[in-house]
Amino acid sequence: MINQLQENFSVPGLRFESGEGGLVKAVIDTPLASGEVYLHGAHVTAYQPKGAKPVLWMSGKSLFAESKPIRGGVPICFPWFGAHASDPKAAAHGSARLRPWDVLSAISNADGSVTIGLGTTIDHFSATFDVTVGAKLTMALKVALAADAPSPQSFEAALHTYLSVSDIHTVSIEGLETSDYLDKVGGTFAKVADGEAIRFTSELDRVYQNTDATCVLRDPGFNRSIIVEKSNSKSTVIWNPWIAKSARMPDFGDDEWQEMLCIESANVGENAIVLNPGETHVMTAVISCKA
Ligand code: BG6
């Protein structure tokens, strides 16, 4: 399979390898940046501009197995987010992250970046995910509802981006100060915007709705800011599990909560997308860093 992929998608700076757990990954390495994308879940597991620290966080305890999600990087949550609306047995965050995606395309761009495109079909939806590794990490999730689908259908999606931080106690996130949110710690509670940047002092699990704001993650310990820009995404989810929830997750190290947080570009809950047969929706997230 690796030889076949190599032959079909031969682009400078892109190669295919057997990764953790024997799962196949695309490795991009150019003068601008390096990155990795597992075919399992179309899951970006690494992004690092040249000369910079890794931008994405990966758990040292992540599983790499066909029926399990990868912990860290950018899981794609689709076609639902969190628990399934009606089927309590259905996998959390949708089935997209539990299946191998097909490689559809690979392009070497004029600016020195490389784009790999992956795709899968779930029910009447066909999803494609284009990942561009360059001076920025650009991700575009395109969802189309088949023209012969019997009726309009809704879906939720999140690019569940795990970011690497020096110390969760010292970082802050700007951009959501004026957005109301759902607080999901210990239940689901509607909260009113408090005008403050987000800081982390305990478990934090928030769904900000009706916002297309850019988020800026300030990290004094790493002497950098990570910027998350997005389009066609009305929800932003911010998450850190803190101590007790980390301990409950078998694929998450007990102390790892101190070195990560998630800023997820999403359309979930009241911001779910409804497509008519034949319609398409594209959500993008662009991650960059500056000193
Ligand atoms: C976040 C949710 O997006 O994902 C959290 O808001 C959840 O509630 C977290 O715990 C991780 O989910 P999972 O299924 O990858 O463990």
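When a ligand or atom number is given, it counts from 1 through the structure's own listing order.
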Student: Could you list the atoms of ligand 1 found under 4.0 angstrom from a heavy atom of Lys184?
Tutor: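 Ligand 1 atoms under the 4.0 Å threshold to Lys184: 2 (C), 6 (O), 8 (O).
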Student: Among protein heavy atoms, which lies nearest atom 10 (O) of ligand 1, and at what distance?
Tutor: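 Closest protein heavy atom to atom 10 (O) of ligand 1: Lys245 NZ, 2.7 Å.
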Student: Do me a favour and list the nearest non-hydrogen protein atom to atom 1 (C) of ligand 1 with residue, atom name and distance?
Tutor: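 The answer is His160 NE2, 3.3 Å.
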Student: May I ask you to test the Tyr181-Thr211 pair for a side-chain heavy-atom distance under 4.5 Å?
Tutor: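 In short, these two side chains do not touch, never coming nearer than 4.5 Å.
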Student: At what distance is the nearest protein heavy atom to atom 6 (O) of ligand 1, and which residue and atom is it?
Tutor: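 Ranked first by proximity to atom 6 (O) of ligand 1 is Asp205 OD1, 2.6 Å.
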Student: For atom 11 (C) of ligand 1, which protein heavy atom lies nearest, and how many Å away is it?
Tutor: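 Sorting protein heavy atoms by distance from atom 11 (C) of ligand 1 puts Trp239 CH2, 3.5 Å first.
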Student: Report yes or no: do Leu39 and Val11 belong to one cluster of Ile/Leu/Val/Met/Phe/Trp/Tyr joined by side chain heavy-atom distances under 4.5 Å?
Tutor: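 The answer is yes; both residues are in one hydrophobic cluster.
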Student: In the protein, which heavy atom is nearest to atom 3 (O) of ligand 1, and how far is it?
Tutor: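 Here the nearest protein heavy atom works out to Glu264 OE2, 2.9 Å.
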Student: Is the His169-Phe200 ring centre distance short of 6.0 angstrom?
Tutor: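 No, ring centres 6.0 Å or more apart.
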Student: So is Arg206 touching ligand 1 or not, going by heavy atoms under 4.0 Å?
Tutor: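 No, Arg206 has no heavy atoms under 4.0 Å from ligand 1.
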Student: Is the backbone of Phe125 close enough, under 3.5 Å, to the side chain of Asp123 for a donor and an acceptor to pair up by distance?
Tutor: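 Such a contact is absent between Asp123 side chain and Phe125 backbone.
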Student: Can you report which non-hydrogen protein atom sits closest to atom 13 (P) of ligand 1, along with the distance?
Tutor: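 The answer is Arg71 NH1, 3.6 Å.
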Student: Would you say Asn210's side chain and Lys234's backbone share a donor-acceptor pair under 3.5 angstrom?
Tutor: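 Side chain of Asn210 to backbone of Lys234: no pair is present.
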Student: Is Glu203 close enough to touch ligand 1? Criterion: a residue heavy atom under 4.0 Å from a ligand atom.
Tutor: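 Under 4.0 Å: no for Glu203.
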Student: When you measure from the heavy atoms of Phe81 to every atom of ligand 1, does any distance fall below 4.0 Å?
Tutor: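 Contact present.
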Student: Are Leu118 and Thr120 close enough that some pair of their side-chain heavy atoms sits under 4.5 Å apart?
Tutor: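 No - every pair of side-chain heavy atoms lies 4.5 Å or more apart.
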Student: Specify the protein heavy atom at minimum distance from atom 12 (O) of ligand 1: its residue, its atom name, and the distance to 0.1 Å.
Tutor: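 Looking at atom 12 (O) of ligand 1, the protein heavy atom closest to it is His93 NE2, 3.3 Å.
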Student: Checking ring pair (Phe, Tyr, Trp, His ring centres under 6.0 Å) against Trp57, which of Tyr47, Phe252, Trp239, Phe222 comes through?
Tutor: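 Going through the options one by one, the only one that passes is Phe252.
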Student: Identify, for atom 14 (O) of ligand 1, the protein heavy atom at the shortest distance, and state residue, atom and that distance.
Tutor: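 Protein heavy atom at minimum distance: Arg97 NH2, 2.9 Å.
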Student: Hey, which of Gln209, Arg206, Lys230 is the one that makes side-chain hydrogen bond (donor to acceptor under 3.5 Å, both in side chains) with Thr236?
Tutor: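 Exactly one pass, corresponding to Lys230.
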